[in-house]
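One structure below.
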Amino acid sequence: MFMSSVVMVALVAAPASTPAPAPAESRMWKVTGTDVMFVQSPKDLRALRGNKELFGLQSRKAEFLSKFEAEPETDVSDWEASESLNVLSVVGPWVSYEQSASGYTGGAHPYAHTGYVTQDVTKGKDGFSLLDVFAEKDVLAALKADGFVRKHIDDEEAFKNAATVESLLESLGPGEDCVGFEYGLDSVKRSVAFHHVEGDKVAVRIAFGYFGEMCRGNKFVVGVLLPIPKTLRPAFDRAAKREEGFLMKDAKAAKAPSVQFTWEPPKPKTP
């Protein structure tokens with residue numbers, strides 16, 4: 001399967017076999033072994049299959065704005081919201097990005113969340129899982145060896161005997177820094193990015209969220225080294241060379257795009 005600046009690309013309609021040329025400040029690459037083409041520009045990253053968009057940063061704006069369609073007569077004068085998406089790595093058809101959202105839409109307090117997301121553009125929103133493409137025993141061993149994780153052991157015996165990532169996370173506590181390990185299985189599966197290749201391993205960054213509302217907005221990044229499966233080695237090598245995508249350590253050099261969306265209440269109508 002496969003958490004910066006750039007000008008939005010306008011693609012001219014063209015046959016599926018002939019993608020439209022990108023502007024000079026953009027770059028394009030085809031994912032080897034697939035019919036997926038990426039187009040990266042200063043303010044967008046798009047994955048295309050022919051003329052169909054599989055993934056796009058700018059196209060997320062409509063989804064963001066749709067969250068603020070309040071019921072009639074609702075006072076939204078003090079509402080506000082923003083969301084940013086920053087691309088971290090692209091490996092094969094996997095796009096990893098940091099998503100940050102914050103705002104106030106009524107209630108007792110504002111909201112804030114920051115995390116990583118990895119999406120396989122060929123399989124939809126939840127089509128990627130780290131535990132499907134790397135051996136779970138390797139992920140488990142790497143997490144057990146991590147110093148930050150070990151500082152949060154809540155049940156020594158359960159930690160030692162954990163045979164799955166899920167049971168490992170259940171043996172951990174939030175600690176004084178309020179890490180949301182208890183809710184972390186989905187983080188291990190999808191809240192990841194690929195930082196660099198080190199020998200026959202890849203450095204993976206896993207972003208865990210917060211445990212309680214008093215810590216809202218915090219994220220906690222754990223770095224682990226995982227053996228690269230032979231079938232995935234070519235894709236990681238191409239990303240490391242920036243031939244197809246890029247790794248997190250090269251995001252700045254690769255001019256990884258980012259976008260930010262904001263919402264403010266409509267201005268009162270003047271009499």
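Any value given below was found using the heavy atoms of this structure, including those in side chains, with hydrogens, waters and symmetry copies removed. Remember, predicted model here, so these are calculated numbers, not experimental data.
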With sequence neighbours left out, write down each residue that passes salt bridge (charged side-chain N to carboxylate O under 4.0 Å, His left out) with [X], or none if nothing qualifies.
X: Arg60; value: Glu63
X: Asp177; value: none
X: Glu176; value: none
X: Arg242; value: none

Between Phe220 and Phe148, how do the two ring planes meet: parallel, tilted or perpendicular, split at 30° and 60°?
parallel
[X]: side-chain contact (heavy atoms from CB on, under 4.5 Å) partners, not counting sequence neighbours:
X: Ala47; value: Val36, Phe38, Leu54, Phe55, Val121
X: Pro234; value: Arg238
X: Glu166; value: Thr164, Glu170, Leu185

Hey, could you give me each pair passing side-chain hydrogen bond (donor to acceptor under 3.5 Å, both in side chains) that has a residue in residues 138-148? Not counting sequence neighbours.
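Counting only pairs at least two positions apart or across chains, no side-chain hydrogen bond (donor to acceptor under 3.5 Å, both in side chains) contact touches residues 138-148.
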Contacts of Glu198 that satisfy side-chain hydrogen bond (donor to acceptor under 3.5 Å, both in side chains) - sequence neighbours left out:
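Expected list: His196.
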Can you name the side-chain hydrogen bond (donor to acceptor under 3.5 Å, both in side chains) partners of Ser187, sequence neighbours left out?
none
Residue pairs passing the salt bridge (charged side-chain N to carboxylate O under 4.0 Å, His left out) test with at least one member in residues 156-165, sequence neighbours excluded, are none
Donor-acceptor contacts under 3.5 Å from residues 75-85 side chains, at least two apart:
residue	atom	partner	partner atom	Å
Asp75	OD1	Ser77	N	3.0
Asp75	OD1	Ser77	OG	2.8
Ser82	OG	Ser102	OG	3.4
Glu83	OE1	Lys67	NZ	3.4
Glu83	OE2	Gln99	NE2	3.3

